[in-house]
Amino acid sequence: MPKSKVRKKAVYTPPANKQRPGTTPVKVAGPTHPVYITVMLGLMLVGLAWLVVNYLAGDSIAFMVTLGSWNFAIGFSLIVIGLLMTMRWR
């Protein structure tokens, strides 16, 4: 049986610069600071606590009575701000 010809092709060597020409290097950020995580979790828990207190004892607390339905907006906005902060968490 005849032998097949061996191709004499140079071995591929990638270019030394791994970036595409004309691009700037991307700086990868490290992990999130523990204070950020504490504030994020704190906002979500304070929002939840605000809603629970409003349901259980909202009629007994004077400033919550004056806020009325705004208590829901305050509680849910604190929770949403905490959840939005999770998008920056690394």
Side-chain angles (χ1 to χ4, degrees):
M1 177 164 266
K3 270 189 161 181
S4 61
K5 293 181 181 179
V6 178
R7 295 191 325 178
K8 304 226 177 184
K9 188 175 180 182
V11 178
Y12 174 75
T13 55
N17 187 1
K18 293 186 179 186
Q19 291 180 354
R20 285 196 252 158
T23 60
T24 57
V26 176
K27 191 174 184 182
V28 177
T32 308
H33 198 273
V35 173
Y36 185 85
I37 298 169
T38 305
V39 170
M40 175 185 71
L41 293 174
L43 282 172
M44 288 189 278
L45 289 175
V46 167
L48 179 65
W50 189 281
L51 291 174
V52 168
V53 168
N54 181 41
Y55 274 117
L56 296 179
D59 297 335
S60 307
I61 302 171
F63 72 91
M64 282 193 158
V65 172
T66 59
L67 286 174
S69 295
W70 283 102
N71 285 310
F72 297 110
I74 293 169
F76 284 119
S77 64
L78 289 171
I79 293 172
V80 168
I81 291 169
L83 289 173
L84 289 174
M85 288 177 72
T86 60
M87 289 192 281
R88 294 281 222 173
W89 180 26
R90 290 183 287 300

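When reading the values below, keep in mind they use all heavy atoms of this one structure, side chains included, and skip hydrogens, waters and symmetry mates.
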CH2 (W50) and OG (S77) are apart, to the nearest 0.5 Å, by 9.5 Å
So CG of L78 and CG of L83: to nearest 0.5 Å the spacing works out to 11.0 Å
- request: Side-chain contact test, heavy atoms from C-beta onward, threshold under 4.5 Å: evaluate it for L67 versus I74 and give yes or no.
  value: yes
Here the gap from N71 atom CG to F63 atom CZ, rounded to the nearest 0.5 Å, amounts to 7.5 Å
Discussion item. Do V53 and V65 sit in one hydrophobic cluster, given that two such residues count as connected whenever their side-chain heavy atoms are within less than 4.5 Å of each other, even indirectly?
Written reply: no
What do you reckon, is CZ of R88 surrounded by more than 12 foreign heavy atoms closer than 6.0 Å?
no
Under a 4.5 Å cut-off applied to non-hydrogen side-chain atoms, are M40 and I81 in contact? no
Tell me, yes or no, whether the heavy-atom count around Y36 atom OH, taken from other residues, nucleotides or ligands under 6.0 Å, exceeds 12. yes
Students should find that the hydrophobic cluster of L45, defined by side-chain heavy atoms under 4.5 Å apart, otherwise consists of none
CG (L51) and CG (L56) are apart, to the nearest 0.5 Å, by 11.0 Å
For L84, the hydrophobic cluster (side chain heavy atoms closer than 4.5 Å, chained through members) also holds V80, M87
Requested in this report: Quick one: do I79 and L43 satisfy side-chain contact (heavy atoms from CB on, under 4.5 Å)? Show the steps, please.
Outcome: CA-CA 6 Å; I79 293 172; L43 282 172; over 6 Å; no
- Side-chain donor/acceptor of T32 to backbone N/O of R90, under 3.5 Å: yes
